[in-house]
Amino acid sequence: MDKEIEILLVEDNASDEELAVIALKKHKIKNKIQIARDGVEALEYLFGSVDSETLKCVGPLVVLLDLKLPRINGLEVLRRIKEHPEAKKIPVVILTSSNEEKDILESYHLGANSYIRKPVDFDQFTEVINQIGLYWLVLNKQSS
Amino acid sequence: MKKKPATPPDAAELLRSQAEAKLSERKKKPGAPPATEFDTQRLVHELEVHQIELEMQNEELVQSHAQAEAGLRRYTDLYDFAPISYFTLVRDGTIQQVNLAGANLLGVERGALIKRRFGVFVSTRSLTTFNAFLDDVFTNGSKETCEVTLQKDGSAPRLVQIEAITKDRQCEVCHAMVIDITERKTAEDALQVSETRYRRLFESAKDGIMILNAETGIILDVNPFLIGMMGNSHEPVIGKVIWELGFFKDVAASKEKFLELQQREYVLYENLSLETADGRQIAVEFVSNVYLVDNKKLIQCNIRDTTERKQMENKLNKAYQKIKTRTNELEMINEHLDSFAYSVSHDLRAPLRAISGFAQVLIDTHGDEVNEEMRHYLNRISEGAKKMGQLIDDLLSFSRATRGEINHEKINVEDIVNDLVKAYREVELDRDIEFIVNPLGEVEADKEMLKVVFSNLLQNAVKFTINREKARIEIGSEQKEDHIQFYVKDNGIGFDMRYKDKLFKAFQRLQTDERFTGTGIGLTTVKRIVSKHGGNIWANGEVDKGAEFCFTLPSKMHIDD
């Protein structure tokens, strides 16, 4: 039996975190949601510690990653995931306020699977969350 | 008149004894008549001797005549075929004799020249000179020289030099030699012109020039400018040896240093400091060249006062440094602005999401507890946040459009416009909008920025035609002399031309109608981009009659450093 896909939401802004969770629930996405409030927490969840080279988290996972984070920023987390021989299979969706071209280019360059800009409009926001959930959690079967 | 050849007395005696000997020989011959009477015999003897004498004399005469003939021929040849023109002129200038070269010079057959006046061939301008010259020849009795111009029919005048002399003052003829000096004179004149030119250059040059004897180091010539540069010293310079002059102590302080100038064909000291006679330090550029004149080596030195140039260079350098510092500062400020804009985009939007988001959540999750009035206010909160988000986005796009470097490339403008039009057609499905895209050609511009320009203008056109049943938006261009003019025309609500100046100012909006939402930054961004490309933008309109926005782009961009 397939283990249920987890969602790792890396978000330092509590409002955005709460809104994301509401939006996911609104669309009946009931997957387990893990919260990391900065890059360090994200890396600790994935690898056990910041410096570790071994992937600790074994189950199927989707990472929703903000870019502007305290301590270790999102691009660095992305780089660490995509450089790791096993972790690189984890889909990473960049979910950020920035629409700076250099951020978008750098994200794709590092291997981001998708780049989505957080809209101010909550309806749009929930729609985006819905699409992410639908695509990455339902349609996209991860190789185990 | 034939003259009897002069016979010396002893020669006469010798002749007579020889004649007598011949006669006695004849008498010894057999059959000669015997002398019958002494006197008769004696007379006959005398006659016979005389006859023989005459015969012998005749023989001599024939011989010397032949010799004289040969001599005359030699002389005539010498005269006639001499490569120089000879004339024998009488006191009044009549030609008495002329050789072939002379006849050739005047271009007249020799026979036809005799008894003609030489003056006939002298140009009117030279005639006075020639007559005076002839006078001098006959009065002074010495060799005289003059230069006159000969005028021949149908050919260019020739300049000749005439030298003439008479045997003595009483003599009625003079012998003249005429030499064509036209070519020599032309060459001399050219040399004179060249010399004058060189002198003018040398004398008026605004660089110091000095000519040295390359062997001895003696100064042969200096131009006035150099004298002035050295400090108007009154001590004579020409004739001195270069290392004796204090001014050049750094260039040729010693013979050893002078050797360098002498041996190297070309020496350049770019930045020498020399001391003038009045004690000023001046910066000069010193160049020396060695060259040969008449088998003698000369050194030409050019000395340029670079003091002012140096000062200017220093000033420029300082200014350059200032600009560099300022540029660095500006670059830093720009970097700060970049990170500021980044923060704005990221951090200002987050609270707005919270405001709009939670207001929406309230409506969504507590819809039954929220009454109409509360719903209205919650919607207002949500709308306000959304507007704020749009404002931030527009501000960022404005800042990005104006901050960035222009990235020039050849752009097919029609492609850009057609893409935008296609997007509008897909979005505005419920509206009847006729887009007319005329030929737009190619420009050299920043593609992303040009997209922003057309996107804003089209967005406005779409927006301000919203209450038209049938909207019409036309985009076109006109090729002008050195630029291309684009226009975007619509049949929308237009505007009052009295307020046209406000159109392109940030946050200035001409519409109060809520239907025409906007932040008032779009046209400001467009104007900035057009200006950055070196173009102009303006608008024409009338209330309720539509608007036309025109802008220009140069045909060829000048890439700045």
Side-chain angles (χ1 to χ4, degrees), chain A residues 9-29 35 37-39 64-71 73-78 94-107 115-130 132, chain B residues 334-335 337-367 375 378-401 403-405 407 446-449 451-452 517 519:
Chain A
L9 178 63
V10 190
E11 175 61 78
D12 66 319
N13 185 307
S15 297
D16 279 349
E17 175 208 317
E18 202 177 327
L19 285 171
V21 172
I22 293 171
L24 285 167
K25 279 188 182 148
K26 190 180 172 186
H27 291 281
K28 318 268 188 277
I29 295 166
I35 308 289
R37 300 208 179 277
D38 58 30
L64 302 185
L65 182 64
D66 194 3
L67 286 184
K68 201 166 167 253
L69 296 168
R71 300 200 278 179
N73 74 25
L75 286 175
E76 176 63 14
V77 175
L78 176 65
I94 304 296
L95 187 64
T96 175
S97 307
S98 162
N99 68 343
E100 290 283 323
E101 188 141 342
K102 65 172 169 44
D103 281 344
I104 301 172
L105 288 177
E106 183 67 8
S107 299
Y115 187 105
I116 287 158
R117 194 186 178 216
K118 292 179 203 165
V120 167
D121 189 336
F122 180 70
D123 288 338
Q124 277 183 50
F125 186 68
T126 53
E127 188 52 36
V128 165
I129 294 287
N130 182 35
I132 295 167
Chain B
N334 253 345
E335 251 172 56
L337 271 176
D338 263 349
S339 57
F340 173 73
Y342 188 85
S343 298
V344 165
S345 120
H346 202 281
D347 296 348
L348 284 193
R349 287 169 59 88
L352 289 175
R353 267 195 310 279
I355 296 167
S356 142
F358 291 116
Q360 197 63 47
V361 170
L362 263 182
I363 299 170
D364 287 355
T365 51
H366 301 278
R375 187 185 294 275
L378 283 170
N379 275 334
R380 281 277 168 163
I381 291 170
S382 188
E383 286 300 314
K386 260 191 256 176
K387 241 188 190 161
M388 183 75 183
Q390 188 58 48
L391 193 57
I392 290 169
D393 279 358
D394 285 356
L395 267 177
L396 277 175
S397 130
F398 170 71
S399 134
R400 228 177 270 139
R403 241 184 316 126
E405 301 268 313
N407 182 21
D446 187 298
K447 197 173 182 178
E448 290 309 313
M449 291 191 186
K451 263 187 201 169
V452 173
T517 50
T519 54

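What you see is a predicted model; the values in this text were computed from it and never measured. We name chains A, B, ... by the order of the sequence lines, and we start the count at 1 in each one.
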- Item | Distance in Å, B:T365 OG1 paired with A:I22 CD1, rounded so as to fall on 0.5 Å steps | 7.0 Å

- Heavy atoms of B:A354 and A:L19 approach each other most closely as CA-CD1, 4.0 Å

- Partners passing salt bridge (Lys or Arg N to Asp or Glu O under 4.0 Å) against A:K25 (at least two apart in sequence or in another chain): none

- Note on the structure: To the nearest 0.5 Å, atom CG of A:N13 lies from atom CZ of B:R349 at 12.5 Å

